[in-house]
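Accompanying notes for the structure given below.
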Amino acid sequence: MHIYDSVKKTKLKFESITPRKASIYICGPTVYDNAHLGHARSSLSFDLLVRTLKALRYDVIMGKNFTDIDDKIIKKVQESGKSLAEITTYYITRYQEDMRALGVIDADIEPKATQSLEAMESMIQSLIDKDIAYIVESGDVYFDVSKDKKYGAISKMVGDDQENQSRVEHTSLKRNPKDFALWKACNGEDDICFETAFSKGRPGWHIECSAMIEEHFAKTHGNEEYSIDIHGGGADLLFPHHENEASQSRCATGHELAKYWMHNGFVNINGEKMSKSLGNSFFVKDALKVYDGEILRNYLISVHYRNDFNFNEEDLLNSKKRLDKLYRLKKRVTPTKASKPNKTFYKAILSAMSDDLNISVALATIDEMISSTNDKLNENPKNKGLKKETLANIEFLDELLGFGGKEPFSYFQIGIDKETKIKIEFLIQQRDEAKKAKDYEKSDAIREEISAMGISLMDTAEGTLWEKL
RNA sequence: GGCGACAUCGCCAAGUGGUAAGGCCGCAGCCUGCAAAGCUGCUAUCCCCAGUUCGAAUCUGGGUGUCGCCUCCA
């Protein structure tokens, strides 16, 4: 397995801290709203990583956090009159539902910030004790960036400009503009706060990941050099979030946070970054109303995870056609019992994915398998061995890439209700009779009628098959 | 202002030194009552300029363009 390390900016051979084991931690969502396509893309990127590592026989432990305490959530609490728990529980559930609909395997560990307060408090306290963090008059606790000589190692964003050109205005309470809040003091009566030794307040954003990784991974999967194998997230988290995480962990624990860092690219809508501030967010739940999760998944993983992804319907339908072809082949080899995947195919797919998740090469390999198998089946439709092997190939794809697992006939009938189905089948029967009677005018008219319903017909040796377009 | 990414056929997209994968679309053919599906064949010299090299889409330098991070963000 080779992965691109976005800190070292090069592709590296993956060598886990503990042989055969891989610990992965991904920055999850702040749960104050529904998941958007960006969340989906990030989840899917690392889902492919997990699946590939598993296929390579790694024992994978995957953690993904939920930030369930933060300014935006508090704002929502104040606006809605609902409790913090009500809001966060709702959106956590929604997130999990959406990701499962996309075929994302659940993380093994899903820590919540509110359940990791002790770990955060003790990490902050140790930074204060080491004089790396300082408490300000207001009660805020800041991390003193100047105390970490390695600060900037992750993002290379150090810049020696004192009067930096950052677009942000800095509060005067900080010693250094790059210092960041570990703990935010309580702000008024309707704020949501927790009691600690240093002040009543709530955690800053960066500290939770460091604390959670320390609590859940470092002791079992880390070593004296690193806490975990791979830390991932969206490219926007590289700075400042991951820089800060890495710095505070390094200073508090004495070892580096992660051996490898991976960052997925953005989802753009019409060439623009999709973001909350631009107001062009596209929710997963809305996309799922129009397209089946498997189709969305297939589309969202079709571009390499590090590239930007330009979401548009035309490309989505294009990628659906590839999936359709796979299911048409699956129809041809169903029903049968899967044997073993073709060795050459298996190796080619796995080796593509082992090369920093090279999905394009994997997809090209699938296309080649589909067309050559169709070709062979055209020559000998009763090739049982081939059918069994092909079904095994497809089952392998379902396991590694997460698509192709549906029953093929139902795949082409998604969104068709029972009544319509009965009507379609009735019309097909009528058409068959007309065809037998060589009344082609009538049979073509019926086909027209069916086609107007958005259904495509295929006459095969096994009878007339239909698909929803 | 600082840091960084990317630029390959009409569209999507691989390929990081050895002479351009794959998909969609299009055209031609086989199959079909006709279609659909499936199969076969055809379609690019890689943003521009200069350099390194026997050899570059791939390396170096300089342009041009697009995008991102530096503020909550996947």
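Everything numeric here is computed off the predicted structure, so don't read it as measured data. Sequence lines set the chain letters: A, B, ... in the order given, protein chains first and strands last, and positions in each chain run from 1. Side-chain atoms are counted along with the backbone in the values below, which use heavy atoms only and exclude waters and symmetry mates.
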Need one value for [X]: base, sugar-phosphate or nothing, where a base atom within 4.0 Å counts as base even if backbone is also close, heavy atoms only.
X	answer
A:Asn264	base
A:Asp444	base
A:Arg447	base
A:Ser371	sugar-phosphate

Spacing between A:Glu245 atom CD and B:A74 atom P, to the nearest angstrom: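 Answer to the nearest Å: 13 Å.
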Distance check needed: B:A14 C1' versus A:Ile359 CD1, whole Å only.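 Computing the A:Ile359:CD1 to B:A14:C1' distance gives 12 Å.
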Distance-only donor-acceptor check, side chains A:Glu245 and A:Ser210, under 3.5 Å: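 The criterion, which ignores hydrogens and geometry beyond distance, is not satisfied for A:Ser210 and A:Glu245.
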Check whether the side chains of A:Ser116 and A:Glu208 place a donor and an acceptor atom closer than 3.5 Å, and report yes or no.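 Their side chains do not contain a donor-acceptor pair, so the 3.5 Å distance test is not met.
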Which listed nucleotide (B:G4, B:G38, B:A21) is nearest to the side chain of A:Lys9?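 So the side chain of A:Lys9 is nearest to B:G4.
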Counting only side-chain heavy atoms from C-beta out, which of B:C24, B:A14, B:G33 sits nearest to A:Lys325?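 Of all the options, the side chain of A:Lys325 is nearest to B:C24.
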Mind checking who B:C69 pairs with, Watson-Crick or G-U wobble, both distances under 3.5 Å?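 Pair assignment: B:C69 / B:G2.
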In Watson-Crick or G-U wobble terms, both distances under 3.5 Å, what is the partner of B:C27?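 Checking every strand shown, B:C27 finds its partner in B:G41, with both distances under 3.5 Å.
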Tell me which residues in residues 454-469 of chain A put a heavy atom below 4.0 Å from RNA chain B, sorted by number, or none.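 Result for residues 454-469 of chain A: A:Ser456, A:Leu457, A:Met458, A:Asp459, sorted by number.
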Can you check whether any acceptor in the base of B:A74 is under 3.5 Å from a donor in the side chain of A:His263, or vice versa?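 Per atom types, no contact qualifies.
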Flag side-chain contact, heavy atom, 4.5 Å: A:Asn310 against A:Asp315: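 Heavy-atom side-chain distance check fails, nothing below 4.5 Å.
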